[in-house]
*Asks:* 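I'd like to ask some things about the structure below.
Within every chain, numbering begins at 1; the chains are lettered A, B, ... in the order of the sequence lines, protein sequences first and strands thereafter.
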Amino acid sequence: MITRKIAYLIQACGYRAHHIAAVTFTNKAAREMKQRVGSLLQGSPSRGLTVCTFHHLGLKIIQREAQALGRKSGFSIFDDQDSKALLKDLLLDHSDAAANLVDICQQQISNWKNSCLSPAAVVGTAESPQEERIVELYRRYEQALTSYNAVDFDDLITLPVQLLESNEQVRERWQNKIRYLLVDEYQDTNTSQYRLVQLIVGNRGKLTVVGDDDQSIYSWRGANPENLVQLEADFMGLKVVKLEQNYRSTNRILRAANTLIDNNPHIYDKKLWSEKGLGDTIQVVQVSNEEAETERIANQIIEQKLQRGARFKDFAVLVRSNHQSRLLELKLQAKQVPYHLTGGTSFFARGEIKDIMGYLRVLVNPDDDSAFLRIVNVPRRKIGISTLETLGQYSTERNCSLFAAIGELGLQQRMPEANYTRLQKLGDWFKALQRRVDNGYAMQAVREMVDDIDYLGWLHQNSSSTAVAERRMENVHFLLTSVAKGLLPKGSSTASRETDDEEALADRSAIVEDEDIEDEEQSSLEEVIKKLLLRDLLDQQSEEQADDKAQIMTLHASKGLEFPHVFIMGFEEDTLPHRNSVEDDNIEEERRLAYVGITRAQQTLTLTIARQRKQFGEMLQCQPSRFLEELPAEDLHRNGFSDGDDGAANAVKAKQTLDSLKGLFD
DNA sequence: AATCCTGGAGTTTTT
DNA sequence: CTCCAGGATT
C-alpha cells in the first residue's frame, strides 16, 4: 500500500522524492519497504526518499537540531540495558532494593515519556509515597542523561516532539522538508509518535497511514490502536479505505485467521479474502518434546524443499520468545540447514560486544559515564572501586563527567600517586585516539584501540576455553567489520548503497531550495555508532549475508513480512498465549499475535506443539494453545495427536491426571 | 584488586 | 539450565 502510494505521489502527483517520508516500526520492515520502493520506482527518481523507523526519523531530527536542543553532537544513545543500569544506580543511593523495582520504574518512566509527560508535568500527580519516589527518580534520571550527553530510546521521539512544539522555525523547516508523510502499522503508534506525526504534517493533511487494529501487538510499548479512530477527528476530510482483498495467502489460511480473530472485539470489522484458491490444509503437529519439535521442523524444511522445489529462504520459523530459537539453531546446524536469525537482543547482550561498544562510546562521547565505567577496568588497569569513588566524588563537585574529571587539576591531591598516574595514562590514551578519529583516521584508531588493550589476550584469559575466546573475538570482529562498512564512502559495498550514493548527489541541489536539511548521511564514526545503537547496522549487515537461508524470528519481528512456508513453534498454552499475558489477562493481544503469525504464510502453515518441554531445568507438561480450538477444524490436519482424537481434549485429560496427582501430595 | 564461590532469580515481545 | 550479584578469600 505504502510503496504504491509513494510511486503514485512521485509519478502521478509530481512530488519530489526528497519531500516524501515513510516511517515504520522495525528496521527490518523499513529495509523491506526500501527494497520494494526501489524496484517499483525503477526509472523514476527515488533519491532522497526517506524510509526509516520512527526512532530513526527522530534521531535525524535531533541530529540536525542538536543546537536548538542544547545537545552536543556526539551524544550517546542508551539502550534498555543502559537505562536500566542507570536507574539501578540512582535507586541504590536510596538503598532500596525490591527485586523488580527497577523494572517497574523503568516501565513507568517510559510510559510517561511515551505520553509526553515531563518530570515537571507529573510532579504533582503522585498518589502514594512509592509513586512520589518514582517521580523523583524520573527527575534525577533525566538529569543524569543530560549530564552524560545521552538520550534513551524514548527520547528519540519525545525530544523532537518537544522541539517542534516549542520552536516554530524548526517546525516550519521540517514541515517544508517532509511534505508528504506515510506511516505503516499505524495501530502501533503511541501518544508521542502520534504527536510527532501531527507536528510534521501540520494542517495540510498530506498524510497516508495504513493500519490494522487486529495487528496491534505493541500495547506494552504504549501503542494505542485508538489512534486510528482519532485520525478521523483530527484530520478533516480523512478518507477511510477498507482493504479486504488479500494478495498474499490462500483462503484456508485466511479463513483460519478470520475465525481466530473473530474472538476479539474490533474497531473496524473486516473479512479477508483472496483469489489464491483454497490451498493446503494447515498442519498441526504434536510431538513428545521440544527436541522432537525442532527435529520435525528441520526435517520438514529439508523434505518440503525437495518436494516443492523451494529454497531455504522460503521457510520461516516464528517463535513467541527469543530463547525458543536456541534449540532450533542447534538442530538446524546439525542438519546443515542454513538459517538466519533476525533480531534478538542476544548480540548486544554479549559481554564482549558491550565492552567494545563501551570503548566506542567513550571514544565519540567522553561524557558517557555509563560506558566509561564499563570499560575503565576492562582489561584490568588496577583502577578499582576506591579510585573510582574518589573520581566520582570529584566529578560531582566539579559538575563534570568522570572522564573530564581525570583532566581536572585538583584531582591529584585526592588519591595516591600511582592511582592518579593510571587514570592519566588512560585519559591520555583516549585523547590520542580521539585525535586520530578527528583527523580522519577513525577506523585505524578503532582497530588500534582494540589492539592496544590486547582484547584478544583478555578474552583468552577470561574464557573457559580457547574455542570460546575465539568465538567471542569473532563477534568483536563482526562488530568491527560493521563499523568499517558503515564508515565506508557510500556506493562501494552493495547495490542498495548505490542508490544512496546518487541520492546524496541529487540532494546537494535540494539542500539549497529546502533550507539546510540535507538527506545525505554523514559517515562519521559518531553516526555509525548511533546506527549501531539503534540496532540497525548489524541487522543490515547480517541480512546482506542472508542469501538463501531459512528465517528464524519472533512473531513480533515477522510483522509486515511474508513467506511461502511458515512454521509457528510452540503453539501451546503459556507460550502462545504467553504465561505472563494469561496472568495479566491480556489474551486478546496474544490472539492478535497468533493472527499476525498465521497471516505471514502464503502457501503452507504448520503449527507445532510439544507434549512436554524442559524449562528452568525441569520437565513441564504442555497443553495445546487455546487458540487451536478457535481455528476452523475443517482446515486443520492434525498430526501425531495420540489416538487421533482431539489433542486439546487430551491435554485437558493430562492436566486432570496431573492435578489429581498433585492432590495426592497435598 | 582480582578471583572464586554461593545462592537466588529469571526468561515476552522492540527501538 | 544459565546468568547475575554479592560475599568471602587470596
Side-chain angles (χ1 to χ4, degrees), chain A residues 23-30 52-59 77-85 88 92 97-100 102-103 107 110 113-114 151-158 185 188 190 192-193 216-223 290 318-327 342-346 348-351 376-388 418-419 422 461-462 530-536 539 553-560 570 574-584 586 589-590 592-594 596-597 613-620:
Chain A
V23 290
T24 64
F25 280 83
T26 62
N27 291 314
K28 201 174 175 57
C52 64
T53 62
F54 258 108
H55 289 85
H56 214 285
L57 178 65
L59 175 62
I77 300 170
F78 272 32
D79 70 12
D80 226 42
Q81 292 190 351
D82 295 326
S83 71
K84 183 175 282 182
K88 206 179 271 181
L92 222 62
N100 56 354
V102 179
D103 297 281
Q107 186 68 49
S110 181
K113 287 194 174 195
N114 287 331
V151 301
D152 66 14
F153 279 139
D154 297 324
D155 287 334
L156 292 175
I157 311 295
T158 54
E185 310 282 9
D188 289 333
N190 58 35
S192 60
Q193 287 160 336
S216 164
I217 54 176
Y218 285 102
S219 67
W220 47 274
R221 213 167 78 179
E290 76 273 20
L318 309 183
V319 295
R320 171 67 239 262
S321 22
N322 283 306
H323 73 267
Q324 287 177 272
S325 65
R326 277 181 63 174
L327 262 178
T342 311
T345 47
S346 51
F348 277 88
R350 292 171 186 280
V376 65
N377 206 23
V378 175
R380 304 286 172 237
R381 294 189 179 88
K382 302 202 166 182
I383 299 174
I385 301 169
S386 56
T387 308
L388 287 175
N419 296 357
R422 290 186 199 114
Q461 228 177 79
N462 289 280
K530 287 196 185 94
K531 273 199 181 172
L532 280 173
L533 290 165
L534 270 185
R535 307 286 186 263
D536 191 17
D539 291 351
M553 65 188 77
T554 62
L555 288 161
H556 284 87
S558 75
K559 198 158 64 141
D574 291 349
T575 300
L576 181 67
H578 192 273
R579 174 178 302 162
N580 295 356
S581 299
V582 178
E583 278 164 17
D584 301 348
N586 199 7
E589 179 141 321
E590 296 290 309
R592 289 193 290 268
L593 209 43
V596 166
R613 60 175 76 238
K614 220 186 228 173
Q615 235 164 25
F616 304 130
E618 76 186 316
M619 234 8 146
L620 287 183

*Asks:* Name all residues meeting the ring-ring contact (aromatic ring centres under 6.0 Å, His included) criterion together with A:Phe153; count only those two or more places apart in sequence or in a different chain, and write none if there are none.
*Replies:* none
*Asks:* Check this for me: does the side-chain of A:Arg320 come within 3.5 Å of the base of B:dT13 through a donor and an acceptor?
*Replies:*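 Answer yes: a donor N or O sits under 3.5 Å from an acceptor.
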*Asks:* Given the structure, check if the side chain of A:His55 and the base of B:dT15 hold any donor-acceptor pair shorter than 3.5 Å.
*Replies:*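 Per atom types, the contact qualifies.
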*Asks:* Please assess A:His556 against A:Arg320 for the test side-chain contact (heavy atoms from CB on, under 4.5 Å), listing each intermediate value before the final yes or no.
*Replies:* CA-CA 8 Å; A:His556 284 87; A:Arg320 171 67 239 262; 3.5 Å; yes
*Asks:* Please work out if A:Asp79 contacts a base, only the sugar-phosphate, or nothing of the nucleic acid, heavy-atom cut-off 4.0 Å.
*Replies:* nothing
*Asks:* I'd like the C1' distance from B:dT13 over to C:dC4, given in whole Å.
*Replies:* 22 Å
*Asks:* Which atoms of nucleotides 1-4 of chain B (N or O only) lie under 3.5 Å from a protein N or O atom, and what are those distances?
*Replies:*
unit_1: B:dA1; atom_1: OP1; unit_2: A:Gly384; atom_2: N; d: 2.8
unit_1: B:dA1; atom_1: OP2; unit_2: A:Ile385; atom_2: N; d: 3.4
unit_1: B:dA1; atom_1: OP2; unit_2: A:Ser386; atom_2: OG; d: 3.4
unit_1: B:dA2; atom_1: OP2; unit_2: A:Asn377; atom_2: ND2; d: 2.8

*Asks:* Do A:Asp103 and A:Lys84 pass the side-chain contact (heavy atoms from CB on, under 4.5 Å) test, and can you show the C-alpha distance, the side-chain angles, and the key distance before you say yes or no?
*Replies:* CA-CA 8 Å; A:Asp103 297 281; A:Lys84 183 175 282 182; 2.9 Å; yes
*Asks:* Between C1' on B:dT13 and CZ on A:Arg592, what's the gap in Å once rounded to a whole number?
*Replies:* 13 Å
*Asks:* Please indicate yes or no: is the ring centre of A:Trp220 less than 5.5 Å from the centre of the six-membered base ring of B:dT13, with the two planes inclined by under 30 degrees?
*Replies:* yes
*Asks:* Among B:dT14, C:dT2, B:dT12, find the nucleotide with the atom closest to the side chain of A:Thr554.
*Replies:*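 Of all the options, the side chain of A:Thr554 is nearest to B:dT14.
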*Asks:* What distance separates A:His323 NE2 from A:Ser325 OG, expressed to the nearest 0.5 Å?
*Replies:* 9.0 Å
*Asks:* Does B:dT14 have OP1 or OP2 sitting under 4.0 Å from an N or O in the side chain of A:Asn322?
*Replies:*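 Yes, because at least one side-chain N or O of A:Asn322 sits under 4.0 Å from OP1 or OP2 of B:dT14.
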*Asks:* Show your working on side-chain contact (heavy atoms from CB on, under 4.5 Å) between A:Leu620 and A:Asp574 and close with a plain yes or no.
*Replies:* CA-CA 11 Å; A:Leu620 287 183; A:Asp574 291 349; over 6 Å; no
*Asks:* If you assign each of A:Ser581 and A:Leu533 to its closest nucleotide in DNA chain B, which residue comes earlier from the 5' end?
*Replies:*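 Between the two, 5'-proximity favours A:Ser581.
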*Asks:* Given that A:Phe153 and A:His323 both sit by DNA chain B, which one's nearest nucleotide is further toward the 5' end?
*Replies:* A:His323
*Asks:* Checking all strands, does A:Tyr218 fall into the base, sugar-phosphate, or nothing category for heavy-atom contacts under 4.0 angstrom?
*Replies:* sugar-phosphate
*Asks:* Look at the side chain of A:His556 and decide which nucleotide, out of C:dT2, B:dT15, B:dT14, has an atom nearest to it.
*Replies:*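 Selected nucleotide (nearest to the side chain): B:dT14.
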